[in-house]
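Everything numeric in this text was worked out from a predicted model, so none of it was measured. For the numbers below, each heavy atom of this structure counts, side chains included, while hydrogens, waters and symmetry mates do not.
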Amino acid sequence: MPRLVAHAKRIPPPPELADLTLGPRHLSLLAFLLLDGPVTVNDLAARLQVAPTTASLLIGDLTRKGVLERAEDDADRRRRIVSIAAAARPAIEAWLAPGAEAWRRALGPLTPRQRRIFLDTLLAYEAAVAELRAT
C-alpha cells in the first residue's frame with residue numbers, strides 16, 4: 001500500500017494544471033467527475049466524505065480556475081450540477097485515465113466474488129486506519 005501511495009503522489013499534474021495547487025481532495029473530486037460524469041454538489045460531498053459546504057468550497061475554487069463548470073439542474077433549479085469544463089477535460093483525462101485503466105486491468109480478470117473480497121479488504125483497511133488514528 002505505501003508503494004501505491006508513493007507512486008500516485010509522484011504522478012505530476014499536466015502542465016495545464018500544474019500551477020493550480022491541487023490537493024488530494026481535488027484529485028479525488030476530479031477522478032469522480034471523470035469516471036462518473038456530472039453530479040450534484042451533495043453527491044460529490046457524499047463521495048468525498050466531506051460536508052456539502054466543504055465540497056462547495058473545493059468546487060468553487062476549481063470553477064474560478066476554469067477547471068469545473070456548474071449548471072442548474074433542469075429537474076430542480078435549486079440544485080447545481082458539477083462537471084469538468086470542456087477546455088480542461090483533455091488534460092484531466094490524460095492525467096487520470098492511466099490510473100483508471102490500471103484498475104480495470106487489475107480487476108478485470110477477477111470474478112465478481114474476488115473483486116468484492118478485494119474491495120472489502122480495502123474498506124476494512126481504511127476503517128482500521130481510521131480507528132487506530134482516533135485512539
Side-chain angles (χ1 to χ4, degrees):
M1 188 66 79
R3 286 194 315 238
L4 288 175
V5 172
H7 180 70
K9 285 182 175 183
R10 285 193 304 268
I11 300 171
E16 301 89 338
L17 305 175
D19 62 341
L20 296 183
T21 315
L22 300 173
R25 286 184 179 165
H26 292 103
L27 180 61
S28 295
L29 184 150
L30 292 171
F32 283 132
L33 288 173
L34 182 62
L35 298 175
D36 299 335
V39 296
T40 66
V41 174
N42 285 340
D43 287 342
L44 271 175
R47 291 176 190 192
L48 293 169
Q49 298 179 346
V50 298
T53 53
T54 302
S56 189
L57 289 171
L58 291 167
I59 293 163
D61 185 37
L62 292 175
T63 300
R64 283 187 297 282
K65 294 174 181 177
V67 177
L68 299 181
E69 296 174 342
R70 291 191 223 199
E72 284 185 350
D73 183 350
D74 291 334
D76 181 349
R77 299 221 182 258
R78 295 171 294 173
R79 294 189 321 173
R80 298 279 180 236
I81 303 295
V82 181
S83 61
I84 297 173
R89 180 169 284 282
I92 292 169
E93 284 177 344
W95 182 33
L96 299 179
E101 178 58 24
W103 278 114
R104 283 187 196 95
R105 288 184 188 183
L107 297 174
L110 302 179
T111 66
R113 184 174 184 279
Q114 290 171 324
R115 270 185 250 148
R116 183 77 259 159
I117 290 169
F118 175 76
L119 293 175
D120 288 345
T121 301
L122 286 178
L123 291 170
Y125 174 81
E126 178 187 31
V129 168
E131 180 184 326
L132 291 169
R133 291 195 186 279
T135 58

Show the nearest heavy-atom pair for residues [X] and [Y], with the distance to one decimal.
X      : Y      : answer
Ala85  : Gly66  : CB-O, 3.3 Å
Gln114 : Pro109 : OE1-O, 4.5 Å
Ala55  : Val50  : N-CG2, 3.9 Å

Close side-chain approach of [X] to [Y], heavy-atom, < 4.5 Å:
X      : Y      : answer
His26  : Val67  : no
Thr63  : Val82  : no
Ser56  : Arg70  : yes
Leu122 : Phe118 : yes
Thr54  : Arg25  : yes

Spacing of [atom1] belonging to [X] relative to [atom2] belonging to [Y], to within rounding of 0.5 Å:
X     : Y     : atom1 : atom2 : result
Arg89 : Leu68 : CZ    : CG    : 10.5 Å
Ile84 : Glu93 : CD1   : CD    : 7.5 Å
Leu62 : Leu22 : CG    : CG    : 6.5 Å

Exercise for the section: Quickly, which of Leu57, Asp43, Asn42 forms a side-chain contact (heavy atoms from CB on, under 4.5 Å) with Pro52? Name it, please. Expected result: Asn42

Handout entry: Cluster overlap Tyr125 with Leu107, hydrophobic side-chain contacts below 4.5 Å
Key = yes

Exercise for the section: Find out if a path of hydrophobic residues (ILVMFWY) with successive side-chain heavy-atom gaps under 4.5 Å connects Ile92 to Leu20. Expected result: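 As far as the 4.5 Å side-chain criterion goes, Leu20 and Ile92 are connected within one cluster.
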
Handout entry: side-chain contact (heavy atoms from CB on, under 4.5 Å) evaluation trace for Leu96 with Leu27
Key = CA-CA 9 Å; Leu96 299 179; Leu27 180 61; 3.3 Å; yes

Expected list for residues 29-39: side-chain donor-acceptor pairs under 3.5 angstrom, two or more places apart:
{"unit_1": "Asp36", "atom_1": "OD2", "unit_2": "Arg47", "atom_2": "NH1", "d": "2.7"}

Exercise for the section: Spell out, as yes or no, whether a donor-acceptor pair under 3.5 Å connects the side chain of Arg64 to the backbone of Gly60. Expected result: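 Here the side-chain-to-backbone pair exists.
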
Practice task
Measure from the side-chain N and O atoms of Arg115 to the backbone N and O of Leu110, and report whether any donor-acceptor pair falls under 3.5 Å.
Solution key: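 Confirmed, Arg115 side chain pairs with Leu110 backbone.
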
